[in-house]
Amino acid sequence: MKYPLDEFKNEIILNLKKTLFKYKCEIRLEIPAENMGDFAFPCFSLAPQAKKSPNEISKDAADKIEKSKWIAKAEAKGGYINFFVDDKHLISSTLTSIFKLNEKYGQLQKKDKKAIIEHTSANPNGPLHVGRARNPIIGDTIVRIFKAAGYNVESQFYLDDMGKQVAILVWGINNEDKISKDINNYYPPGSAYVSSKKNNADHQRVVFYQVSSNLMQRDDKVANEIGEIVKRSECGEHEVINLIHKAYSPVLEGIKESLNRINITVDKYVPESNFVKDKSVNSVVEKLKKSKYCSKEEGAFYLDMEPFGIQGRNTKFVFVRKDGTTLYATRDIAYHLWKAKHADLLVNILGEDHKLESKQVEIALNLMGAKIIPKVIFYSFVSLPDGKMSTRRGRVIYLDDLIDECVKRAYDEVEKRRGKELSKKKMREIAETVGIGALRYNIIKVQPEKDIVFKWEEALNFEGNAVPFIQYAHARACGILSKTINKKREFDSNTLKHDSEVKLVKQLAKFPLFIEEASSGYKPHIIASYLYETASKFNQFYRDCPVLSEKNTMLRRSRIAVVDATRIVLKNALQLLGISAPEEM
RNA sequence: GGGCCUGUAGCCUAGACUGGAUAGGGCGACAGCCUCCUAAGCUGUAGAUCGCGGGUUCGAAUCCCGCCAGGUCCGCCA
């Protein structure tokens with residue numbers, strides 16, 4: 001797919017190559033500040049070899065740039081060559097491109113490459129909580145962006161069915177009598193964070209996890225029994241693995257439901273036990289044992305991580321226990337080798353607490369000559385104003401409760417504004433769209449590596465740079481279009497001269513560039529900025545350019561086309577964030 | 001003790017990888033805009049020693065060094 005701005009860019013690059021043939025340089029274009037042009041080429045790096053000032057270079061070069069159907073003007077300013085696109089040509093080709101491609105507008109050329117994107121991978125011992133809510137949202141957005149960027153994408157949830165966390169749950173479910181005796185010790189009256197009254201299995205069963213986790217710390221007998229479950233599952237005992245499966249399955253169903261509610265489905269759930277059952281983890285162990293960095297200590301095997309730049313109190317990466325069983329990270333290596341067989345690109349979304357483990361896995365994969373090393377997006381935790389969340393301690397806000405609160409709050413807003421005009425059913429529909437969108441947007445608009453302190457007022461803020469602003473722009477566009485009589489799309493780019501029209505259409509033309517940048521740089525949050533900017537420009541157009549009341553027929557039709565094109569772009573970009581675009585709100 | 005990440009107006013945030021044109025936005029505050037396509041909107045004002053101190057450079061929020069603060073990790077846990 002070739003987009004108008006690609007053609008403009010290519011023409012600039014060709015021109016610059018001709019003009020600057022004397023110099024050795026890579027031509028990288030920037031987008032200048034508004035009104036300074038559409039693309040800019042900085043001349044600073046050429047100054048040393050040219051022995052001229054950047055100002056002189058840019059002036060000489062700008063004079064030599066030839067005008068063409070794309071290039072309207074090249075201007076030297078402050079050491080930059082600023083290129084101005086031919087507005088008429090850009091407008092007509094952009095609108096044509098949007099109408100032709102419609103829901104596919106923005107998507108990049110198919111790449112014939114498979115990407116496996118692993119995200120969420122939460123322990124199936126309780127409901128998803130807000131502390132880790134960034135994971136599915138970042139993950140699913142990356143999935144959508146990579147699909148748009150032309151990859152063949154599969155999303156995976158690595159299901160931890162062997163570890164201590166899930167063993168604690170299993171013990172609790174099989175010792176219900178002991179749990180019910182202890183439950184009141186666990187939940188003291190008036191405890192602040194015990195909130196969820198939901199009937200879903202994940203909310204019901206997490207109590208077993210919490211109480212038995214507590215018991216385990218006080219009672220060695222319980223601890224031993226749990227340890228036994230872990231050990232037998234790690235040895236690959238089918239009976240125990242089945243018992244575990246029975247315990248967590250309903251919890252996993254609850255997690256899936258929560259994900260579905262925020263428009264997330266995962267293609268494949270991959271149980272960790274697969275790699276024990278199929279013995280692939282054993283071949284990982286055999287290979288690592290042969291490494292020159294491997295040593296043995298009291299029967300356990302470890303890799304020395306120090307030569308690879310790992311520092312700290314302990315630089316040993318143990319991959320086999322003294323009892324011969326493997327560890328989480330060992331199995332993770334087997335999982336990654338398996339993934340690498342089925343993909344050209346691997347992406348993982350992980351909490352920052354996994355940085356060391358991930359590095360160890362990466363080093364081991366390199367030692368084993370793995371073809372693909374995963375690209376990892378780490379995110380910082382969402383914490384509460386008075387500290388971090390913990391499922392074990394029951395000090396959490398569950399994702400489901402946050403979703404409900406967002407939707408409820410959105411309903412109040414709709415009712416306040418449209419209560420007299422709309423049916424309850426319609427308002428509930430809008431509230432669901434706005435509430436879920438607000439949640440996803442608020443999380444995705446911040447860079448993954450920034451810490452977030454969860455505050456209800458901020459999570460539920462519906463003004464300014466928040467999703468209702470964008471959805472409202474889309475609804476406005478739909479409102480105008482629903483009132484048009486002539487449904488045929490016609491436009492004449494000669495009539496679209498108003499500054500607000502030109503700026504808006506230029507913004508629409510940039511959409512594919514943002515998909516390119518978001519995917520190649522693994523930066524989902526820039527799609528959120530793009531949407532905000534687009535909606536904002538549409539609102540300015542709405543203020544300056546009356547559509548339906550415009551007397552000049554051709555101009556009116558052209559403006560309707562601009563509105564329709566904006567509608568398509570907003571919808572497509574919202575879709576990339578997993579947010580629905582309401583036609584009315 | 002050490003590693004990694006973060007620190008931009010009262011609050012939240014973009015820009016940092018790839019140094020460059022007056023550091024963009026939003027919330028909140030203040031002042032305006034509905035006889036006209038949904039005011040969940042638009043316009044304007046005030047508000048920033050870019051954590052602190054050095055260095056490299058013609059030029060540093062951006063690169064390097066040191067320090068301070070917060071997060072996170074340094075289990076034969078996951």
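In what follows, chains are A, B, ... by sequence order, proteins preceding strands, each numbered from 1.
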Between [options], which one does the side chain of [X] approach most closely?
{"X": "E463(A)", "options": "G26(B), C27(B), U43(B)", "result": "C27(B)"}
{"X": "R543(A)", "options": "C76(B), C37(B), C42(B)", "result": "C42(B)"}
{"X": "K355(A)", "options": "A21(B), C4(B), A78(B)", "result": "C4(B)"}
{"X": "N314(A)", "options": "G75(B), C73(B), A14(B)", "result": "G75(B)"}
{"X": "Y80(A)", "options": "A39(B), C76(B), A21(B)", "result": "A21(B)"}
{"X": "L356(A)", "options": "C74(B), C11(B), A78(B)", "result": "C74(B)"}
{"X": "Y472(A)", "options": "G3(B), A78(B), A39(B)", "result": "A39(B)"}
{"X": "R417(A)", "options": "A78(B), C73(B), A40(B)", "result": "A40(B)"}

Using the [atom1] atoms only, state how far [M] lies from [N], rounded to an integer number of Å.
{"N": "C17(B)", "M": "A61(B)", "atom1": "P", "answer": "12 Å"}
{"N": "U49(B)", "M": "A9(B)", "atom1": "P", "answer": "7 Å"}
{"N": "U62(B)", "M": "U57(B)", "atom1": "C1'", "answer": "13 Å"}

Could you check whether [X] gets within reach of a base, just the sugar-phosphate, or nothing at all, counting any heavy atom under 4.0 Å?
{"X": "R331(A)", "value": "sugar-phosphate"}
{"X": "V320(A)", "value": "nothing"}
{"X": "Q540(A)", "value": "sugar-phosphate"}
{"X": "A473(A)", "value": "nothing"}
{"X": "A329(A)", "value": "nothing"}
{"X": "L548(A)", "value": "base"}
{"X": "P42(A)", "value": "nothing"}
{"X": "K316(A)", "value": "nothing"}
{"X": "C43(A)", "value": "nothing"}
{"X": "E234(A)", "value": "sugar-phosphate"}
{"X": "Q471(A)", "value": "nothing"}

Could you tell me the Watson-Crick or G-U partner of U35(B), where both distances fall under 3.5 Å? Say none if there is no partner. none
Kindly assign one of parallel, tilted or perpendicular to the pair F538(A) and Y542(A), based on the angle between their ring planes and the thresholds 30° and 60°. tilted
Can you tell me how the ring of Y530(A) sits relative to the ring of F511(A), calling it parallel under 30°, perpendicular over 60° and tilted otherwise? parallel
How long is the line joining [atom1] of [X] and [atom2] of [N], in whole Å?
{"X": "K416(A)", "N": "U38(B)", "atom1": "NZ", "atom2": "C1'", "value": "15 Å"}
{"X": "F541(A)", "N": "U43(B)", "atom1": "CZ", "atom2": "P", "value": "15 Å"}
{"X": "Q447(A)", "N": "A61(B)", "atom1": "CD", "atom2": "C1'", "value": "13 Å"}

Looking at the base of [N], is there any donor atom on it, or on the side chain of [X], that sits under 3.5 Å from an acceptor on the other one?
{"X": "R313(A)", "N": "C74(B)", "answer": "yes"}
{"X": "N82(A)", "N": "A21(B)", "answer": "yes"}
{"X": "R476(A)", "N": "G41(B)", "answer": "no"}

Going by atom types only, do [X] and [Y] share a side-chain donor-acceptor pair under 3.5 Å?
{"X": "Q471(A)", "Y": "Y441(A)", "answer": "no"}
{"X": "T325(A)", "Y": "D323(A)", "answer": "yes"}
{"X": "N348(A)", "Y": "H354(A)", "answer": "no"}

For residues F41(A) and F83(A), establish whether the separation of their ring centroids is below 6.0 Å. no
Near RNA chain B, counting only heavy atoms under 4.0 Å, which residues of residues 518-535 of chain A show up? K523(A), H525(A), Y532(A)
Do E584(A) and L422(A) come close enough that some side-chain heavy atom pair is under 4.5 Å? yes
If the test is side-chain contact (heavy atoms from CB on, under 4.5 Å), which one of V361(A), V284(A), V318(A) qualifies with T330(A)? V284(A)
Near-parallel close stack of Y542(A) and G41(B) base (under 5.5 Å, under 30°): no
Exceeds 12 heavy-atom contacts within 6.0 angstrom, atom NZ of K289(A): yes
Calculate, to the nearest 0.5 Å, the distance between atoms CG and OH belonging to N274(A) and Y158(A) respectively. 9.0 Å
Taking only side-chain N and O atoms of K450(A), does any of them lie within less than 4.0 angstrom of OP1 or OP2 on A14(B)? yes
Is the phosphate of C42(B) approached by N539(A) (side-chain N or O, under 4.0 Å from OP1 or OP2)? yes
Given the 90°-from-0 boundary between syn and anti, C30(B) should be labelled anti
RNA chain B nearest-nucleotide lookup for E458(A) and S380(A): closer to the 5′ end is S380(A)
